[in-house]
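Presented below is the structure to which this report refers.
On a predicted model such as this, the values are computed, not experimentally measured, just so you know.
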Amino acid sequence: MRQDEACRRILLAGADGCRIIYCEGCGVAELELGAISVRLELNALHNLQAVLGQAAMKLSVLKAIKVSPDFEYDKLDLH
């Protein structure tokens, strides 16, 4: 936390057992997953968003493969 500013926590998003809070004074986001709490610099939060989005997309593709066995996963450009 910067010494000239007090913590001001703002709820950015939340669901059961998971939420993200932003502290303006500290300039960090806090990710809470159940009893685990992780403080992230904002660039790390954006990187986490990209990684989670890519993982969710790949899971969707893997589920689609089970529906269509002839689907060619290796030909997708998911990078």
Set of salt bridge (Lys or Arg N to Asp or Glu O under 4.0 Å) partners for R9, sequence neighbours left out: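 If we apply the salt bridge (Lys or Arg N to Asp or Glu O under 4.0 Å) test to R9, skipping adjacent residues, the hits are E30, E32.
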
Please answer: with hydrophobic residues joined when any side-chain heavy atoms are less than 4.5 Å apart, are [X] and [Y] in the same cluster?
X	Y	value
I20	V38	yes
L12	L48	yes
L52	L59	no

Quick one: [atom1] on [X] to [atom2] on [Y], what's the gap to the nearest 0.5 Å?
X	Y	atom1	atom2	result
R39	C23	CZ	SG	6.5 Å
L40	S37	CG	OG	9.0 Å
R19	L33	CZ	CG	11.5 Å

Of all the heavy-atom pairs spanning [X] and [Y], show the shortest one and how long it is.
X	Y	result
A29	L45	CB-CD2, 3.6 Å
Y22	L42	CE1-CD2, 3.6 Å
I21	L11	CG1-CD1, 4.1 Å

Side chain to side chain contact (heavy atoms under 4.5 Å, CB included) partners for E41, two or more places apart: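 Once residues adjacent in sequence are excluded, the partners of E41 under the side chain to side chain contact (heavy atoms under 4.5 Å, CB included) criterion are N43.
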
